[in-house]
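These numbers come from the heavy atoms of this one structure, side chains and all, not from hydrogens, waters or symmetry mates. Small disclaimer: the values here were computed from a predicted structure and weren't measured. In what follows, chains are A, B, ... by sequence order, proteins preceding strands, each numbered from 1.
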Protein chains: 4
Amino acid sequence: MSSIPPQPPVKRGRRKQARPGELLEAALDLFVEKGYAATRVEEVAARAGVSKGTLFLYFPSKEELFKAVVRENISGRFGEWEQTLASFTGTCSEMIEYAFSAWWERIGSTKANGLGKLMVSEANNFPEIAQFYRTEVVLPGQELIRRIFRRGIESGEFRDIDLEYAIYLVQAPLMQLDLMNSSRVICVVNPDNFDPHKYLKMHADNLLAGLRPRAA
Amino acid sequence: MSSIPPQPPVKRGRRKQARPGELLEAALDLFVEKGYAATRVEEVAARAGVSKGTLFLYFPSKEELFKAVVRENISGRFGEWEQTLASFTGTCSEMIEYAFSAWWERIGSTKANGLGKLMVSEANNFPEIAQFYRTEVVLPGQELIRRIFRRGIESGEFRDIDLEYAIYLVQAPLMQLDLMNSSRVICVVNPDNFDPHKYLKMHADNLLAGLRPRAA
Amino acid sequence: MSSIPPQPPVKRGRRKQARPGELLEAALDLFVEKGYAATRVEEVAARAGVSKGTLFLYFPSKEELFKAVVRENISGRFGEWEQTLASFTGTCSEMIEYAFSAWWERIGSTKANGLGKLMVSEANNFPEIAQFYRTEVVLPGQELIRRIFRRGIESGEFRDIDLEYAIYLVQAPLMQLDLMNSSRVICVVNPDNFDPHKYLKMHADNLLAGLRPRAA
Amino acid sequence: MSSIPPQPPVKRGRRKQARPGELLEAALDLFVEKGYAATRVEEVAARAGVSKGTLFLYFPSKEELFKAVVRENISGRFGEWEQTLASFTGTCSEMIEYAFSAWWERIGSTKANGLGKLMVSEANNFPEIAQFYRTEVVLPGQELIRRIFRRGIESGEFRDIDLEYAIYLVQAPLMQLDLMNSSRVICVVNPDNFDPHKYLKMHADNLLAGLRPRAA
DNA sequence: TATGAATGAGAGTTCATTCAT
DNA sequence: AATGAATGAACTCTCATTCAT
């Protein structure tokens with residue numbers, strides 16, 4: 001419609017408009033790293049390069065900041081993802097493998113990783129936001145998996161399994177990887193020499209082998 | 001309407017022996033439910049039926065209380081378990097299945113469930129405890145799994161897999177189940193109608209199918 | 001009147017009758033050493049070899065314990081002392097010297113030393129007991145000194161000085177010595193090699209020299 | 001009778017520069033008056049006209065506040081004094097008299113008076129501070145006195161005395177005066193009619209008379 | 001808008017005091 | 001009389017939140 005006006009050269013790289021975003025980014029880092037309670041708003045503000053007072057200009061309370069962080073980082077990535085899978089041409093096994101690597105690229109290896117841990121930790125303190133996470137992340141994710149499985153079963157590529165429990169075959173390794181990245185020291189055998197790709201490959205591989213139709 | 005009967009004076013119980021246990025139980029519940037920071041010592045004391053001051057008679061600080069909870073609920077559960085598996089006669093597949101159900105009976109379905117979540121949540125705030133948990137729980141558990149796998153591979157019952165990553169094939173579902181029980185609302189499709197046994201059966205079943213030697 | 005019944009052999013050296021005394025003794029030690037607030041009643045009880053509850057059987061509160069300690073340790077030593085001085089035959093200088101050494105023997109070198117410091121420290125928190133100390137110790141002591149000085153002046157042995165201020169010429173060194181013994185590290189040049197007798201000799205000597213009548 | 005005028009909203013002052021000083025002043029007053037333990041930080045804050053939290057903006061703990069009070073009121077008062085005495089021209093007797101009156105002007109009659117009592121009272125609870133006070137105040141003060149005495153002895157103005165004990169001839173009256181001002185009720189005969197100048201004059205006078213060389 | 005000094009409710013901890021045994 | 005487990009008020013210290021500038 002209208003022609004795009006020439007963008008003014010970005011001065012200083014920190015415009016006022018960027019403030020909330022910088023705060024959210026800093027908050028995400030700290031919430032994931034230290035948990036909700038142990039994160040002090042002053043620290044968030046400091047990391048975003050503003051004063052404590054300024055933070056409260058954008059977010060009315062620590063609680064709202066937290067909710068905003070969660071919302072910001074899980075917003076509608078699934079629509080796009082679903083589309084990709086819908087138009088995917090290939091076997092269901094390839095779809096599963098693709099889903100694993102896509103998860104890693106879009107979630108596991110990004111800032112969004114650790115959100116799972118955060119939700120697990122804080123779900124009881126923030127039921128509302130937990131519900132939001134469930135609706136926006138968990139259920140759509142599970143639906144994605146369910147659809148792939150259903151297709152695989154119908155096409156005879158996978159054996160006939162209880163869909164509602166099969167979901168967790170995919171979810172469990174991804175969730176564990178989320179937690180591992182947050183507190184590697186707890187779960188990982190050799191924290192300094194852990195390769196997430198190998199981890200995912202192993203899981204996908206064994207999962208798919210197990211899913212093959214069995215001889216009577 | 002009816003007059004309130006005179007409250008009998010609060011009995012000052014005298015149960016030095018029983019107190020620590022009651023406090024630890026209350027603390028476990030609350031720590032698992034609300035996290036470390038959100039749990040107030042006064043609340044723990046109240047749930048154990050004593051006053052705030054009494055708690056400090058038995059535990060010198062909130063942190064020591066937390067440590068005691070972890071120790072109480074973890075130590076000594078592993079030795080026994082290792083013995084059982086060491087003297088187990090049967091196929092490796094049966095051992096894996098046994099391990100799953102034994103975990104459920106001794107950990108997953110007990111108060112000790114949720115401790116995994118607790119550790120994941122608080123590991124960064126209590127490196128010392130996290131290290132303790134890693135040494136006393138995670139690593140021994142992994143060694144147990146490793147041993148079974150090694151035996152299965154050597155006997156030809158399992159295909160040849162990378163042991164160091166295979167471990168997680170067992171660990172991931174158990175950890176997820178620990179988390180699920182703590183914040184079921186987040187991960188589970190239908191929280192009111194979830195059967196842990198089916199969950200574990202599905203996982204064990206698919207895992208073992210995937211582990212079978214493959215045709216060249 | 002009645003014949004004294006044969007004393008039963010003292011068993012165990014700790015009769016019930018001794019309790020209050022032992023508590024007072026322990027309390028004196030601790031109050032002097034650590035001050036009122038920093039002394040815990042449990043510690044007092046422990047040092048007296050009884051339980052905390054027992055202490056409260058004899059003294060209704062920490063405050064009353066404190067008052068009892070002070071009262072106990074300053075009770076009527078002055079009557080006896082006054083008598084001694086009244087019947088003293090010798091010069092006033094000798095009386096002053098005697099007073100110094102008597103103070104050392106009866107107060108300075110005994111448990112009662114440190115009470116001065118205690119009163120100085122706590123006077124504002126215990127006005128009532130401070131008043132008591134003033135009445136029972138400070139004023140009688142000053143009166144003693146005043147009487148000696150007056151006699152010395154009248155007899156021409158001392159020069160004519162303002163009695164009301166002269167008093168402090170005697171009081172100051174004794175008070176300093178009381179404080180020194182309590183917190184030697186603060187005031188004393190060489191704490192490990194300090195001789196109270198030399199200290200007192202020096203003060204008495206110079207004081208008396210200064211008191212001699214002066215040539216016009 | 002008359003209506004209460006509406007209270008103006010509490011002014012939130014903004015005087016970062018002035019705060020520490022005001023807090024230190026309030027703290028000095030209260031510590032001297034009531035002792036360390038009996039002084040509540042909230043009270044200090046209130047006397048300085050700020051809230052409890054504000055105090056902790058400037059001093060990280062009660063202990064550090066205490067230390068700061070001692071440092072604030074001691075440091076830097078001695079250097080100047082030493083200079084003055086070094087360049088003093090006059091007899092040693094005049095120097096002693098000058099020292100007495102200088103002490104009164106710079107310490108005894110100021111806020112710094114009472115610090116001696118404070119140190120005596122709390123020395124056992126704060127060995128570190130006591131050491132500091134000893135090093136920074138007591139020992140330099142004693143050295144000052146020692147130097148005057150040595151000079152007086154060498155010039156024949158004073159008789160030959162043991163320097164190490166003579167020091168206390170000067171220190172004792174000053175210390176007593178410090179204590180008197182803090183808890184006058186204890187030591188002083190007639191608290192409402194006490195003249196520190198007369199007190200000091202009396203002491204200086206008698207001290208110097210006593211120091212005069214004696215006939216063989 | 002942005003600041004940061006100031007606030008005050010709330011948490012962990014101590015310890016004089018109580019009271020069932 | 002004696003005990004010591006239990007209490008709870010009081011204290012120090014923290015930190016989310018406010019508000020004058």
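Base contact: Val41(C) has a heavy atom under 4.0 Å from a base atom. As judged by a 4.0 angstrom heavy-atom cut-off over every strand, Lys62(B) is placed among residues touching the sugar-phosphate backbone only.
At least one donor-acceptor pair under 3.5 Å links the side chain of Lys117(D) to the backbone N or O of Val32(D).
Residue Asn125(A) comes nearest to Lys34(B) through the heavy atom pair ND2-O, 3.1 Å, listed as atom of the first residue, atom of the second, then distance.
Between Glu122(C) and Phe66(C), some side-chain heavy-atom pair lies under the 4.5 Å cut-off. Contact annotation: the side chain of Val41(C) approaches that of Phe56(C) to within less than 4.5 Å [non-hydrogen atoms, C-beta and beyond].
For the pair Glu64(A) CD and dA16(F) C1', the computed distance is 14 Å after rounding to whole Å. In this entry the distance linking CG of Leu55(C) with P of dA1(F) reads 14 Å, nearest Å. Taking atom NZ on Lys34(C) and atom C1' on dC15(E), their separation rounds to 13 Å, with Å as the unit. Distance, Arg40(B) CZ to dC15(F) P: 17 Å, rounded to whole Å. Computed from coordinates, the Glu42(D) CD to dG8(E) P distance equals 10 Å when rounded to whole Å. The CD atom of Glu43(D) sits 12 Å away from the C1' atom of dC11(F) (whole-angstrom rounding). Distance CD (Glu22(D)) to P (dA6(E)): 9 Å, rounded to an integer number of Å. Distance CG (Leu30(C)) to C1' (dC15(E)): 15 Å, rounded to an integer number of Å.
For the pair Ser51(D) and Gly53(C), both in contact range of DNA chain E, the more 5′-proximal nearest nucleotide belongs to Ser51(D). When each of Thr39(C) and Val50(D) is assigned the nucleotide of DNA chain E bearing its nearest heavy atom, the one mapping closer to the 5' terminus is Val50(D). Each of Ala37(D) and Ser61(A) was matched to the nucleotide of DNA chain F holding its nearest heavy atom; the match closer to the 5' end belongs to Ala37(D). Comparing Leu57(C) and Phe56(D) by the nucleotide of DNA chain F whose heavy atom lies nearest to each, the residue mapping closer to the 5' end is Leu57(C).
Tyr58(B) has a side-chain polar atom (N or O) that falls below the 4.0 Å cut-off from OP1 or OP2 of dA6(F). Using a 4.0 Å cut-off, some side-chain N or O of Thr54(A) falls inside it from OP1 or OP2 of dT3(E).
Pairing for dT3(F) is with dA20(E), a Watson-Crick or G-U wobble pair whose two hydrogen-bonding atom distances lie under 3.5 Å. Under the Watson-Crick or G-U wobble criterion, with both distances below 3.5 Å, dC13(F) is paired with dG10(E).
Ring pair Phe126(A)/Phe132(A): centre-to-centre distance not below 6.0 Å.
For dG10(E), its base never sits under 3.5 Å from the side chain of Lys52(B) at any donor and acceptor pair.
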